[in-house]
Amino acid sequence: MKAVGLIVEYNPFHNGHHYHLQASREAADADVVICVMSGYFLQRGEPALLPRRERTEMALQSGADLVVELPYIFSSQHAEWFARGAVSILHHLGADTVSFGSEHGRIEPFLNLFDFLQDRRLEYGHRIREYSRLGFSFPKAASLAFQHMAPGKHLPDLSQPNNILGYFYTKAVNELGSSMSLQTIPRVTAGYHDDRLTGADISSATSIRRRLTEEGGTPKAVEQTLPAPVYRHLKNYLDSGSFFFEWEKYFPYLQAKALTLPAALLEEMYEAEEGLHHRMQAVIKRNTTFHEFMHAFKTKRYTWTRLQRFGVQVLTGTSKSEAAAAMENGQADHIRILGMNRNGRAYLNTIKKHVDIPMISSLPKDKTPQQKLDEKAAAAYYLPLPAAERTVRWRREYEEPPLFFGD
């Protein structure tokens with residue numbers, strides 16, 4: 001069975017994701033679509049809007065065959081580590097192709113880009129450090145360094161977020177020595193950062209989240225942008241009394257941690273650097289909402305996303321030593337299966353004897369460093385729930401089998 005792998009967050013699943021999934025299957029001539037999906041916290045440093053079980057079901061209803069989890073240590077990271085962790089899982093699962101969306105839309109330029117930056121990696125690193133010393137954030141410094149080397153218009157623009165991820169997917173495949181091929185599907189209609197609904201069938205996840213949360217919209221307000229099964233699932237989820245998990249609901253917990261931990265312990269949290277912990281403690285006591293806090297916390301040197309990721313590490317209590325242990329071998333040390341259909345189950349049956357890292361459906365008693373962080377992430381993610389429901393959710397982390405979609 002030929003498999004194509006997608007690296008996703010589905011926050012939430014929308015028509016653009018459905019297009020990418022179907023186009024990836026067709027372009028790769030694949031029998032199976034494998035989705036490596038972030039679990040509790042995401043690459044932009046925020047909680048997933050819906051729990052991973054709900055997002056897994058939406059993916060399976062919309063054409064995915066197998067959904068597995070990207071461990072917390074990779075899902076809450078900057079682009080390079082995010083890509084490396086996800087690509088390593090697809091490699092271990094025997095995927096034939098990695099398929100990603102991009103603004104550029106053709107794969108050859110990404111392969112050329114990898115060669116270009118490999119040949120000039122010392123210069124690239126030097127330029128990034130130069131621009132960083134001038135006070136630019138890392139993404140801006142990297143973009144300026146890239147442009148300084150006059151890459152030519154034939155290479156992907158590394159100021160575009162999906163192009164950046166595409167480059168790091170390409171880099172990860174090469175560095176892992178994987179035989180997987182790469183393909184890219186051009187983004188259609190909406191840009192990654194578009195924060196307003198376009199009125200078309202495809203809008204960005206950012207605009208959909210904004211409509212549902214900041215603007216208080218109902219699922220009906222975004223129905224046009226969602227596959228029908230996803231819309232029904234989302235409506236039923238909210239009608240049952242559930243809510244969206246968003247940063248504002250976590251702010252009291254973040255505030256309590258930041259103000260009660262001694263500065264020396266806060267400095268030991270992963271992503272704390274250059275006095276960020278002192279700035280957090282000084283600023284967070286003066287604000288009553290997460291949004292207010294972030295505006296006060298924000299600096300030219302650090303992006304909003306970067307600061308949110310630091311907030312996630314504080315919320316989950318992830319120390320630098322724990323992160324280092326979890327990233328020691330540079331790739332995922334297990335594969336946690338979240339859901340499948342008949343096709344996905346058949347694929348697992350054909351490959352399971354050849355997968356050289358553990359495939360699990362719940363966290364084991366003796367946990368690896370990555371699994372210990374997944375457990376902490378689950379504990380933090382469900383904090384906004386009432387106490388009784390929180391306990392039920394934590395227990396389910398160990399007891400619920402993977403979702404099976406089908407007769």
Side-chain angles (χ1 to χ4, degrees), residues 1-10 17 20-39 52 56 59-60 62-71 73-75 80-101 107 110-111 114 165-166 168-185 327 329-362 364 368 370-371 374 401-406:
M1 300 176 75
K2 190 174 182 182
V4 61
L6 315 184
I7 298 162
V8 302
E9 293 183 325
Y10 292 159
H17 295 137
H20 175 244
L21 192 155
Q22 297 300 334
S24 296
R25 185 193 292 273
E26 292 172 12
D29 190 25
D31 304 296
V32 179
V33 176
I34 304 170
C35 294
V36 179
M37 189 181 77
S38 299
R52 58 196 187 134
T56 297
L60 293 172
S62 303
D65 297 301
L66 175 63
V67 183
V68 299
E69 183 175 13
L70 179 62
I73 192 58
F74 301 111
S75 73
E80 184 165 11
W81 276 103
F82 175 88
R84 188 175 179 88
V87 167
S88 72
I89 290 174
L90 290 173
H91 172 70
H92 286 297
L93 281 171
D96 298 279
T97 306
V98 179
S99 181
F100 60 91
I107 197 60
F110 284 94
L111 305 178
F114 173 75
L165 279 171
F168 283 119
Y169 295 146
T170 307
K171 186 171 187 280
V173 168
N174 278 273
E175 290 182 344
L176 289 169
S178 177
S179 61
M180 292 186 296
S181 62
L182 290 140
Q183 70 179 34
T184 186
I185 306 297
M327 296 188 291
N329 71 351
Q331 51 185 298
D333 62 17
H334 69 283
I335 298 168
R336 191 171 185 185
I337 300 165
L338 299 180
M340 71 197 85
N341 60 18
R342 288 186 180 278
N343 206 33
R345 184 165 64 183
Y347 180 76
L348 285 180
N349 286 336
T350 66
I351 66 159
K352 61 185 178 182
K353 292 182 179 178
H354 307 288
V355 178
D356 56 3
I357 59 175
M359 289 197 295
I360 63 173
S361 57
S362 61
T368 69
Q370 290 181 17
Q371 291 165 354
D374 287 345
L403 277 166
F404 183 73
F405 183 72

**Q.** Working for ring-ring contact (aromatic ring centres under 6.0 Å, His included), residues Phe74 and Phe82
**A.** CA-CA 5 Å; Phe74 301 111; Phe82 175 88; 9.2 Å; no
(Q) Nearest 0.5 angstrom please: Leu165 CG to Ile7 CD1, how far? (A)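 So the gap between those two atoms works out to 8.5 Å.
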Q) Are a donor atom and an acceptor atom from the side chains of His92 and Gln331 found within less than 3.5 Å of each other? A)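 Distance-only check passes for His92 and Gln331.
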Q: Using modelled atom types only, decide if a donor and an acceptor are shared between the side chain of Tyr347 and the backbone of Arg342 within a distance under 3.5 Å.
A: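 Judged by distance alone, no pair lies under 3.5 Å.
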Q) Are side-chain heavy atoms of Ser62 and Tyr10 found at a separation under 4.5 Å? A)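 No, side chains not in contact.
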Q: Please test Val4 against Ile34 for side-chain contact (heavy atoms from CB on, under 4.5 Å), starting from the C-alpha separation and ending with a verdict.
A: CA-CA 6 Å; Val4 61; Ile34 304 170; over 6 Å; no
(Q) Under a 3.5 Å distance rule, please check whether Thr170 uses its side chain to pair with a backbone N or O of Phe114 as donor and acceptor. (A)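 A pair under 3.5 Å: no.
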Q: Would you check if there is a donor-acceptor pair between the side chains of Ser75 and Ser38 at a distance under 3.5 Å?
A: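 Per modelled atom types, Ser38 and Ser75 side chains form no pair under 3.5 Å.
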Q. What are the two closest heavy atoms between Val67 and Ala59, and how far apart are they?
A.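 For Val67 and Ala59, the tightest heavy-atom pair comes out as CG2-CB, 4.1 Å.
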Q.
Closer than 3.5 angstrom, by distance alone: can the side chain of Glu69 be matched with the main-chain N or O of Arg336 as a donor-acceptor pair?
A.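 A pair under 3.5 Å: no.
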Q) Leu66 versus Val33: any side-chain heavy-atom pair under 4.5 Å? A)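 No, their side chains stay 4.5 Å or more apart.
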(Q) Are the side chains of Ile357 and Asp333 in contact, using a 4.5 Å heavy-atom criterion? (A)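 Asp333 vs Ile357: side chains apart.
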Q: Run the numbers on Leu348 and Ile337 for side-chain contact (heavy atoms from CB on, under 4.5 Å), then give the verdict.
A: CA-CA 10 Å; Leu348 285 180; Ile337 300 165; 3.8 Å; yes
Q: Could you name each residue pair satisfying side-chain hydrogen bond (donor to acceptor under 3.5 Å, both in side chains) that touches residues 25-37, not counting sequence neighbours?
A: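 Pairs touching residues 25-37 that pass the test: Arg25-Asp65.
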Q. Is Lys171 salt-bridged to Glu175, going by a charged N under 4.0 Å from an acidic O?
A.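 Between Glu175 and Lys171 there is a salt bridge, with a charged N closer than 4.0 Å to a carboxylate O.
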Q) Do Ser361 and Pro402 come within less than 4.5 Å of each other through their side chains, counting heavy atoms only? A)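 Contact flag for Ser361/Pro402 side chains = yes.
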Q: Please name the pair of heavy atoms, one in Pro71 and one in His334, separated by the smallest distance, quoted to 0.1 Å.
A: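 Shortest heavy-atom contact: CG-CE1, 3.9 Å.
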Q | Met180 CE to Asn174 CG distance, which is reported to the nearest 0.5 Å | A |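 CG of Asn174 is found 10.5 Å from CE of Met180.
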Q: List in chain and number order the residues that pass side-chain contact (heavy atoms from CB on, under 4.5 Å) with Ala23, two or more places apart in sequence or in another chain; answer none if no residue qualifies.
A: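 In terms of side-chain contact (heavy atoms from CB on, under 4.5 Å), with neighbours along the sequence ignored, Ala23 is linked to Tyr19, Ile185.
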(Q) Walk me through whether Leu60 and Leu403 qualify under side-chain contact (heavy atoms from CB on, under 4.5 Å). (A) CA-CA 9 Å; Leu60 293 172; Leu403 277 166; 4.3 Å; yes
Q. Judged by atom type as modelled, is there a donor-acceptor pair below 3.5 Å linking the side chain of Lys2 to the main-chain atoms of Ala28?
A.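 Checked: pair present.
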Q) Of all heavy-atom pairs between Gln371 and Pro364, which one has the smallest distance, and what is that distance? A)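 The answer is OE1-CG, 3.3 Å.
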Q: Could you tell me whether the side chain of Val8 reaches within less than 4.5 Å of the side chain of His17, counting heavy atoms only?
A: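 Of all side-chain heavy-atom pairs linking Val8 with His17, none is under 4.5 Å.
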(Q) Quick check: closest heavy atoms across Ile351 and Leu93, and the distance to 0.1 Å? (A)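 Minimum heavy-atom contact is CD1-O, 3.3 Å.
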(Q) Show, in sequence, the C-alpha distance, side-chain angles and deciding distance for Thr97 and Leu182, and conclude whether the side-chain contact (heavy atoms from CB on, under 4.5 Å) test is met. (A) CA-CA 5 Å; Thr97 306; Leu182 290 140; over 6 Å; no
Q) Is the closest side-chain heavy-atom distance between Val68 and Met37 below 4.5 Å? A)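 A side-chain contact is absent here, since even the closest heavy-atom pair is not under 4.5 Å.
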Q. For Leu70 and Gly85, which heavy atoms make the closest approach, and how far apart are they?
A.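 Answer, listing the atom of Leu70 first, then Gly85: CD1-C, 3.7 Å.
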Q. Are Met340 and Phe405 close enough that some pair of their side-chain heavy atoms sits under 4.5 Å apart?
A.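 Of all side-chain heavy-atom pairs linking Phe405 with Met340, none is under 4.5 Å.
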Q. What heavy-atom pair brings His20 and Gly101 nearest, and what distance separates the two atoms?
A.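 Heavy atoms only, the tightest pair is NE2-N, 3.5 Å.
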Q) Any side-chain donor-acceptor pair under 3.5 Å between Gln183 and Ser99? A)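 Judged by distance alone, the side chains do pair up.
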Q.
In the structure I gave you, are the side-chain heavy atoms of Asp96 and Ser181 within less than 4.5 Å of one another anywhere?
A.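 Asp96 does not reach Ser181 side chain to side chain.
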Q: Give me the ring orientation class for Phe100 and Tyr169: parallel if the planes are under 30° apart, tilted from 30 to 60°, perpendicular past 60°.
A: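 Correct class here is tilted.
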